[in-house]
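Just below is one structure, and these are the notes that go with it.
Here is how names work: the chains are called A, B, and so on, in the same order as the sequence lines, proteins then strands, and each is numbered from 1.
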There are 2 protein chains.
Amino acid sequence: MSSVKRTSRDIRTANRYEVLRQIIAESPTSRQELAAATGLSLATVATLVGELLDLRLITEVGFEDSAGGRPRGLVAVNTSGGALIGVDIAETYVRVELFDLALNVLARADEDMRPGESRPEQVVGHVAAAVGSVVTQAGVEGARVLGVGVSVPGQVDREGGVSEYAPNWDWHDVPLLDLLAEHIAYPLYLDNPLRACAVAELWFGAARGRGDTVVVNLGTGVGAGLVLGGGLHRGVSNSAGEWGHTTLVLDGRLCHCGNHGCVETYVGAPGIMLHLRELSPQSTLLHPEDQTATIDALARGVADRDPVAVKVVRDTARYLAAGIADLVNLLNPEVVVLSSWVAATLGEPLLTEVREAVARHALRRPLAAAEIVLSPIPTDPVCLGAATFALEGALSSISQRPAKRTAPTRSRTAPLS
Amino acid sequence: MSSVKRTSRDIRTANRYEVLRQIIAESPTSRQELAAATGLSLATVATLVGELLDLRLITEVGFEDSAGGRPRGLVAVNTSGGALIGVDIAETYVRVELFDLALNVLARADEDMRPGESRPEQVVGHVAAAVGSVVTQAGVEGARVLGVGVSVPGQVDREGGVSEYAPNWDWHDVPLLDLLAEHIAYPLYLDNPLRACAVAELWFGAARGRGDTVVVNLGTGVGAGLVLGGGLHRGVSNSAGEWGHTTLVLDGRLCHCGNHGCVETYVGAPGIMLHLRELSPQSTLLHPEDQTATIDALARGVADRDPVAVKVVRDTARYLAAGIADLVNLLNPEVVVLSSWVAATLGEPLLTEVREAVARHALRRPLAAAEIVLSPIPTDPVCLGAATFALEGALSSISQRPAKRTAPTRSRTAPLS
DNA sequence: GGGACTTTATAAAGCCCCTTTCCTAACCCC
DNA sequence: GGGGTTAGGAAAGGGGCTTTATAAAGTCCC
C-alpha cells in the first residue's frame, strides 16, 4: 500500500483535537457551542468532552445563565491539570518554556550557546538544565508534565527522534531524543521549527478553523510550514517546507546551501542586513554583529519614515511577495501567515507592502481566496508549537479502553449441553 | 468548521477506488492478492469485490490453479460492462476518446477549431459532435456510457460545472456543463487538464500506489497537479497547481499573465520555440506556426546529435529543473512525473538532463526521496484523466444499499430453542 | 474412491465511529 | 407548584473494518 492507512480511529483523534482546540480558544464554553463550532453532533461532543474531563485536561466550571430552560454546563481548560514544555533549540541559544494547559507561559529559561558549543552533548546539557529550571520555577510536580516537545533546525526523523541533519552545526544522524532521555524523564517529541510554527498556527493561530494554510517563517532562516487538508503536510520523508532555498533570483546571491539566489538570502535576517549595508554602509541602523538589533532598528526607522529603512523593508517585501505569490498560485491556500521574529518585528509595514506586491504577482482566483496575515501568536511560536507536539502526543496516546468496570460475572457462558 | 468533514464513508470510497485501481492495473487477479496489495482484510476486499461485481464493473473469470486447497477465484475488469468518455478541450482542438472499463481507447474523435471559434456555443458544438461520433464509432449503446469527463483549461468550478476563467478565449463564468447537458445525456464531470493529468497518474500512472506526487505538465501551457495524502490537492478554491506562472527569472520574459519570467515562458512549447529562434533563427528545426512539428523536430535533432537541438533541450531542462527542485524542496514528494506532449516528445534526453540539474539544486534529503520519471501513460493523459473523473463519479455515486438478494430460502435458521 | 489436509470464500459476531431519538433533569415564569 | 423550555445522557441504529467460525472446493495419498 502507498499512503498512510486511514481508519475510523483517525477521525476520532482529529475530532478530539478539534474539540480541545476549540475549548482552548474560547475557554469557558458549552457543549452546544462546541457542537456548533465543530459540526459534530451533540452526542459525540458530549463523549469527547467526557474523555477530556476524565483526563483532567478540562473541568466543569459552572453554568450559563438561562432564560428558561436547563442552563448549559460550561467547561474550561483545567489550567492546573498538567504542564507542557516546549524547547526551541536555535543556532545561538536554547529557549525553553513551560505552559499550562491553556498554553499560557508559566516559566521560561534561556541559555546562550557560545559559537564553539556545537557538540550534541553540550546542547543536550543546556536543554536539560533549562528544562530543570522551568520545572522548578513553575513549581509543578514532575508527574504533571505531560511531555516535552523539542524543536531542532534542519531535517528530523520524528519517529526515531534523530536529528538527521542540522546545517548550523553540521550534525548528522544525532540521536537527540535518546541523549535527552538520559536527563529528562518526561515523554519527548522531536520536530523542526518550521513544523512547530505551523502546528502552533493550526492550533492557536491564524490557521485555526480555516482551510489550507501556508505559514511563512521569517527568521534567521526562512521556510514554510504547510497545513493542508486539516493537518501538517510533512512530505514523504518529513522534510516538506524547505522553501527558503527556492530560487528567487537566477544566479543571485550565494547561499550557504551552495545555490544562488535562494529566497533565504534575500528575506532572511542576514539577507536584509546585507541589503541595508549595500544601500547605506554607514547607516546607524546597522548593528553588524546583531541581527535582532538591526531588525529592531529597521522597524523603528520605518516608523520614523527613515527613507533607507522604508526602502529596505519595501525591497524585502517585494522579494518576499514574489515568493509568496508563487506559493499562492501553487497551493491555493486560504491563509498565508507571516511568522517568526523578523515578521513580528517588522509588522504591519511589511505586511502592507507584501499584500500589495502579492496582488501584483498572483493569479486572480487563487489571490482572491488567500488572506495574508501576521501571526497572531504573541509568544515564541516555536516553543508554543513544540509544546503543541507534546500536547498532540499526549492526546493521541489515549487508546486504553474505558476499562468497562465489568466485575468478573461469569462473562462467557459455559457451553450448555 | 474549517476543512472538509471526514466520515467513515470516505474511507469506504477510498477503499473502493483502491481496489478497483488495483484490479485495473493487474487484471486477472484474486481477492487474496487484492487484500495483500491494499492492506485490507480479506472480508472487506470480498465485500468491495462483491459491490463491483454487482455493478458489472468487473467479472469473475475462472480460477487459479491450486496446489492443494480451494483455488482462488479470479476477477477481471469487465471491459464491456460500460464505457467512459474523456473530453480534452484545448486551445486549437477538441479531442474526445471513448474508453472501455479497462481504460483502453475504443474510439477517438478530433475536431480542429479555427482561431476565430471562441464562443462557448461553438466549442460546445464541437464537443457534442465528437462525443456523438465516438459513441457511434465504438458502437456502444448509450445506456452503457457511465459518464463524460470534460477538461477545459483555466479555472473551473467543478460542482457548478462552470468555466470560471479560460485565458485562451477570455471566458468568464461560462456554464459549460449546462450548455453541454443540452446535447449530451450522460452524466457530466468538469475539471481542468492539470488535475486530469494528475488523476490519470494517480489511477494508472506513476503515482499509483506511491506517496505524494507532483505531476509536472509540459504542453503549450505549464502547470503542476499535486497528489498529496493519497488524493488530489485542489486548494481552497479548486485552483491549486498554477505552477506555470511561478517566477523563475526576475524581470525575465514577459508572460501573457502580465508578469515577467514565469516558468511557462521558458519551458512551455512557445518558450522553447522562442529559445530555438534566438539561438538559431534560420534553424531548419523551426516550424514557425507549428509547435508540435517544432518539438518533434527538436527531438529528432537531439537523437541526431544536432548541437543546436541539444543545447535547446539542455537549456530547457535547466530552467525546468530549477523549478522542479523548488517543488521537491517545498513538498518533499516521492515521485515527480513529467507529463503532457512536450515531455512525451522530448522524452529520455530531457529526463536525463532534468535529473542531473535537479540533483544540483535540490536539498539532499528531499532529493533523496524524490524519483523523477516520465509519465508511463501511453495515450493522451488529459482524455484519460477526464474519463477517470467520470469513473470516480460513477463509483462514488454508489450509495444504494446492496438490496440483499435474499431468496426466501429460509436462510436464517429458526431458533432451535 | 474415500478420507485427510489445505486453501478460499462467505457468514457471523464484535468493535469503533458517528448520528438520531427518546427521555429525564434542571431551570424559568406565572 | 405546575407548565414550558432547554440541556444532557442513554439507547438504538447505521456504516465501516476486523477476527473468527464455517462451508466449499480443491489436492494428495493410501
Tell me whether the side-chain N/O atoms of [X] come closer than 4.0 Å to OP1 or OP2 in [N].
X: B:Ser8; N: C:dC17; answer: no
X: B:Arg12; N: D:dC17; answer: yes
X: B:Asn15; N: D:dC17; answer: yes

[X] (side chain) donor-acceptor with [Y] (main chain) under 3.5 angstrom:
X: B:Arg195; Y: B:Ala240; value: yes
X: A:Arg144; Y: A:Ser80; value: yes
X: A:Thr388; Y: A:Leu384; value: yes
X: B:Asp157; Y: B:Gly161; value: no

Please work out if [X] contacts a base, only the sugar-phosphate, or nothing of the nucleic acid, heavy-atom cut-off 4.0 Å.
X: B:Ser41; result: base
X: B:Gly50; result: nothing
X: A:Ala46; result: sugar-phosphate

For [X] and [N], what is the distance between atoms [atom1] and [atom2] respectively, to the nearest whole Å?
X: A:Glu33; N: D:dG8; atom1: CD; atom2: P; value: 11 Å
X: A:Glu18; N: C:dC18; atom1: CD; atom2: P; value: 12 Å
X: A:Gln32; N: D:dA7; atom1: CD; atom2: C1'; value: 6 Å
X: B:Arg9; N: C:dT19; atom1: CZ; atom2: C1'; value: 12 Å
X: B:Arg72; N: D:dG26; atom1: CZ; atom2: P; value: 15 Å
X: B:Arg31; N: C:dT8; atom1: CZ; atom2: P; value: 12 Å
X: B:Leu74; N: D:dG26; atom1: CG; atom2: P; value: 13 Å
X: B:Leu48; N: D:dT18; atom1: CG; atom2: P; value: 10 Å

**OP:** Can you spot which of A:Leu146, A:Ile24, A:Val75 makes a side chain to side chain contact (heavy atoms under 4.5 Å, CB included) with A:Leu57?
**Re:**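 Going through the options one by one, the only one that passes is A:Leu146.
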Subject >> Side chain of A:Leu40 (C-beta onward), nearest among D:dA25, C:dT19, D:dT18 >> reply: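 When the side chain of A:Leu40 is considered, C:dT19 is the closest of D:dA25, C:dT19, D:dT18.
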Subject >> Ion pair check, A:Arg234 and A:Glu159, cut-off under 4.0 Å >> reply: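 The answer is no: the pair does not qualify as a salt bridge.
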Subject >> Pair A:Arg16 + A:Glu392, salt bridge at N-O below 4.0 Å >> reply: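 A salt bridge is absent here (no side-chain N lies under 4.0 Å from a carboxylate O).
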Quick test: give all pairs of protein nitrogen or oxygen and nucleotides 1-4 of chain D nitrogen or oxygen below 3.5 Å, distance rounded to 0.1 Å.
none

Original post:
Can you list the residues that meet the side chain to side chain contact (heavy atoms under 4.5 Å, CB included) rule with B:Leu177, with sequence neighbours excluded?
Top reply: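 So B:Leu177 forms a side chain to side chain contact (heavy atoms under 4.5 Å, CB included) with B:Leu180, B:Leu188, B:Leu190.
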Original post:
After noting the C-alpha distance and the side-chain angles of A:Arg210 and A:Glu201, does the key distance pass the salt bridge (charged side-chain N to carboxylate O under 4.0 Å, His left out) rule?
Top reply: CA-CA 10 Å; A:Arg210 312 289 299 271; A:Glu201 295 295 336; over 6 Å; no
**OP:** Note the angle between the end axes of the helix from C:dG1-D:dC30 to C:dC30-D:dG1, five pairs defining each, rounded to 10 degrees.
**Re:**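 Both end axes considered, the difference amounts to 30°.
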Subject >> Residue met sooner reading DNA chain C from 5', once B:Ala43 and A:Thr44 are mapped to nucleotides >> reply: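 Taking each residue's closest nucleotide, the earlier one in sequence belongs to B:Ala43.
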Original post:
Toward the 5' end of DNA chain C, which comes first, A:Pro71 or A:Leu42, by nearest nucleotide?
Top reply: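 The residue whose closest nucleotide sits nearer the 5' end is A:Leu42.
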**OP:** Verify the distance criterion only: is there a donor paired with an acceptor across the side chains of B:Thr44 and B:Ser41 at less than 3.5 Å?
**Re:**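 A donor-acceptor contact under 3.5 Å links the two side chains.
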